[in-house]
Each structure stands twice: as C-alpha cells, then as structure tokens.
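Worksheet: one structure, shown below.
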2 protein chains.
Amino acid sequence: MEEWAIFRNTSEGREALQFYLRKVDRRGALSEEAREAFLSLDVKLQDYEMYRQIVSEGELTNHCALIVSGCASRFKTLANGERQINSFHFRGDMVDLQSALMLKSDHSIRTHSPCRVARIECRAVLQLAQQFPEWARVLWFDTLVDAAIFREWTLNVGRRSAVSRVAHLLLEIAHRLQDIGESDGYEFQMPVTQTDLADAAGLSAVHTNRSLQTLRQRGLVRSFGRTMIVLDMPAMCAEAGFDRNYLYPAGPRGLPAAV
Amino acid sequence: MEEWAIFRNTSEGREALQFYLRKVDRRGALSEEAREAFLSLDVKLQDYEMYRQIVSEGELTNHCALIVSGCASRFKTLANGERQINSFHFRGDMVDLQSALMLKSDHSIRTHSPCRVARIECRAVLQLAQQFPEWARVLWFDTLVDAAIFREWTLNVGRRSAVSRVAHLLLEIAHRLQDIGESDGYEFQMPVTQTDLADAAGLSAVHTNRSLQTLRQRGLVRSFGRTMIVLDMPAMCAEAGFDRNYLYPAGPRGLPAAV
DNA sequence: CGGGTGCTTGATCTCTATCAACTGGTGTGG
DNA sequence: CCACACCAGTTGATAGAGATCAAGCACCCG
C-alpha cells in the first residue's frame, strides 16, 4: 500500500490545488470567490512509486486525481496485453477529472515516475460545479481540451508515418513541459522510456528506436541519456505536421452580458 | 448556399431538440423545468446535401449543431490531404457541442448523406448551463462520452489489426444505429462508403475492402449493397475486442443530497 | 448512352513487426 | 569490491501486414 495523508485546507493541500488553478486561470480568470472555494477543497495527498496504477480500467471511482509531481499516462489495453497510451500528464493536470461524473473508469492511469497525486472527492468537485457555473464551465472546457488532444492522437497513430508520429509526440511533450516550466521548449528530460513512447505512437519499441535515430541522423533532434534537444524546430514541426493550437484552444467562451 | 429557416419555439424546432433530449434523458432524468427550458431554445434548421462540410477546421463558431437526420463525421486532415475520421454521428447527436465553449474548431464536420441539422446559438447553450446546473452536468457528461469514444478509437487504429479495426467500427455503428431505432443490432444500412470506413480505421480503402472480405469469408458478417448483417455476434466481438461499455458509460453521477 | 462513383481484384513494393542478440548503465547482494 | 541480474537502448536479419498502383466491373443518374 502507498503512503498517504489527508490535508484539510492546509497549506500543503492548497499548494497542490494551486497547480491546477494556475493552469485553468490562464484560460480565463475566475472570480476570487470561485478561486477560494476551489482552494479550500479537501484533498488527500498520495505518493506513488514509478509504474504504479493510479486508476484501473473498470474500477469504480470516488475521487478525482490531480498530478502534483511526476509523469503519468492514461491508456487502454487489448486482451493480448498490447497497450495504447491515450495521453501523458504532468504537474497540474487533473488526470482523472472524468471521475467526477463517470462512475467507472474506461481506462487505466499509470505513473511513469515517482508521483505525488492529490485526490479530491467526486462529490466535492460536483458541488463546486453546482455552486459555481464558472467552475462548471472551466471543468467542461478542460474536458474539451482533453478531447481535442485525443483527436489529434488518433490522427497521429492513424495517418502519420512512424517518424512523424514520434516527432509529434516529442513536440507535444516539449510544449507540455514548457508549460510547467520544465523546459524552454527545446530541451527537456524525456519523461518516459522508448517502450512507453512506442505505446503512445502505436509502434513497436524497436521501430520507435529507429524512428528516433532517423530524427537524430537528419539533425532534427539530439539526445543523450534522458536529455532530448530539438535542434531544428521548423523541420520538426514540418515532419510532425505539428500545430500547437490543439493544446491551447481559445476559450472558454464567456457569457456576453451575464458574466 | 444551403436552404435554412428559423423556428422560434415552433413544433418543428421542438421536435428536433427532442432527439437530443431523449438521448440525454436516458442517462438520468432531467427536471420538467430543465426539459422545457431546453425545448424552448431557438433553433435554425438547415439542410445539407451529401458530402458537405458543416464545420471546417480553424473556423470561428457561433452555433452548436445537432443532427436531426442523416450521418456525419468529425475528422482532421494532414497537409498531404490524408484524412482521419474521429467519430461518426447520427440523429440526436450534438455533433458540435464543443462550440459552446471553444471559439474555434480544431476539426471539420462533414455529412455522409443528406442531413438535416438544427443549429443552436452558443450563447443559448451557455445560458442553459449557467441557469441549470443539471444541464451543465448533462453537457459535460456528453463531452466525456465523446472523449471515451475517441480513446477507444485511438486504441483501435493504434493497436488492432486491420480486420479487428473494421469489425470494431461495424459493431459501433450497429450499436449507434440500434440506439436510434434504425437497426436491431445485427442488420443495418451502412451509413458510409468503404473509403470513409478506411479513413476511420486508419487504413487504405483497398485494405479495408479486403478486411471486409475476410469478415465475410469467415462467416462473421454478410453484406449486399449497403445492407450489412452481423451473422456471428460473439465471434465479431471477439475479433474486434469489442466491449460496448465505452458507448454507454454509467453516469452522470448526481449529487447525493442536494439534487 | 456516357460518366461518375463505389466496390473489387491482382501484382508489387514499402513500411513496420518480430525475433534474437548484444551493449552499457544501475543496483544489489554476497 | 566484484559478480550478477535487470532494464533501456541498440543492432541485424527476416517475416508479414498493409500501401500503392493499375485495371475492371456494376450500378446509378442525368
């Protein structure tokens, strides 16, 4: 069993919630009242080792999970054990927001590093949405952003070549890490192994490795150990067909007169 | 230009909205007041011919689109014109719900048959969510169901064999058509061409055709013209790795005491 | 009747998977 | 401190899945 502790309105709990608040606040400012209501939610902080499942497919859920540190992924598996990763998640991501409304999870969530997770009761999230239409809008919008990412990933695995897929994933990771201040957009520490990258790209691990080599040989990236550096950003974006808009859609739309 | 007409609270407009109301009402009953508020929304009915774009990628949106009749798909395209379909939509689907909050569309929507579409102003949808927390929950949940379908599709194109992919798509279509009373779950009229099916499966049209032939030869399906019949449902589900739960997730969770 | 579209088939080629082995780093226990 | 196991990354050889190219057929519709 993992270690965990409950923080009721403590500074550590608030700090965890701040990561999410900061992210959604960038999309459109929340009222002071709404911010405070969110920050006073009760959270349960929980630490996971590397490669532990936070949520398992088919599981009944009571809590939403917010990543405080580390990297996690959402994935589904085939009967034969093959795995498809649907998204990567980092600090500030509400990785299991859907549990607020869905009784059962249709997919699993697993850590790719030691992770600290803040769990919030579904009921508390629902009450927040009930009390504050602006929170309802923010949470719904967050789900829409997730959906946009899933669509882009389907395009990635369905229609792009192996090299393009890998390039696309690298660029998404670069942006996501830049968002949380862990990259300048060019250089970053790979948060996952090549095997995991393969499960995200819908490729075999061997071919993912060779696709990475192609990117290196063509001078688009450089890497040593876990360090990855994008050397030629325009060429990478061209190769990947990458357009960052899907990560940062404009919105949420506000009500013109009312709010 | 397409023909269209505005219906303010008329019987024809209400009838169009009923299709969506019926669908979401099955997931959890709405209050009479909430139902009525929805049904009195202003809608603009619009008729499209086959293969017309309802929404184009990058477009600024003002309206949500609800399918009243026909079949449409959401898709994204690569620079070289290759297309990946993300989902199919039928009567009663709010195909462009995301426009309520997102200012721009990240993907396109296209008809696969003559379609009647009901357009609702974004502002009206947002007001509904603002006024009725139960509507906010219903719309958010609908988005979550969409997201679950996208995840399943990513798994489909990323990790399944060609035959399995095609089988999976056929089964999803069978279920969706059964939902709206246009199939008994076994026999249905194919709503899209094999070329479109290929774009949904992440395959070439030729290989999609051969995959269908494999399903026929193995006695899993029979088809003539547009008619498709699932002959061996257990074998089809096994081949596709199909589990209908992703289409019908349990929820939305209600508030225990409050509502 | 002609042209378009969707479905089908055959031949060939390319891309990606699979299998197997080897390297180097890391951690562990004797 | 060394032997060992383990894992991520890498390489080579081979097999197989699916793409591509090209052509023909059937059907519908003007």
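Computed from a predicted model, the values in this text were never measured in an experiment. A note on names: the letters A, B, ... follow the listed sequences, proteins ahead of strands, and every chain is numbered from 1.
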Inter- and intrachain pairs under ring pair (Phe, Tyr, Trp, His ring centres under 6.0 Å), touching residues 194-240 of chain A, at least two apart: none
Sugar-phosphate only, base, or nothing, as touched by B/Ser204 at under 4.0 Å among non-hydrogen atoms: base
Note, B/Tyr186 side chain near B/Met233 side chain (heavy atom, < 4.5 Å): yes
Which atom of B/Ser105 lies closest to which atom of B/Thr61, heavy atoms considered: CB-CG2, 4.4 Å
5'-most by nearest nucleotide on DNA chain C - B/Met50 or B/Val206: B/Met50
Distance, rounded to the nearest Å, where B/Asp196 contributes CG and C/dT5 contributes P: 13 Å
Separation of atom NE2 in B/His207 from atom C1' in C/dC7, rounded to whole Å: 16 Å
Pairing residues for A/Thr214 by the side chain to side chain contact (heavy atoms under 4.5 Å, CB included) criterion, not counting sequence neighbours: A/Val163, A/Arg218
Sugar-phosphate, base or nothing in reach of A/Leu212, heavy atoms under 4.0 Å: nothing
Donor-acceptor pair present, A/Arg210 side chain and D/dG9 base, under 3.5 Å: no
Within 6.0 angstrom of A/Tyr51 OH, more than 12 heavy atoms from elsewhere: yes
Contact list for DNA chain D against residues 158-169 of chain A - heavy-atom distance below 4.0 Å: none
Any A/Asp199 side-chain heavy atom under 4.5 Å of B/Arg159 side chain: yes
N or O in side chain of A/Asn209 less than 4.0 angstrom from D/dG9 OP1/OP2: no
A/Tyr51 side chain, from C-beta outward: closest of C/dT9, D/dG9, D/dA8: D/dA8
Short side-chain N/O contact from A/Gln213 to OP1 or OP2 of D/dT11, under 4.0 Å: yes
Selection from C/dT8, C/dT9, C/dT16 that lies nearest to any side-chain heavy atom of B/Gln194: C/dT8
Nearest-Å distance for atom pair CD/P, residues A/Gln189 and D/dA8: 17 Å
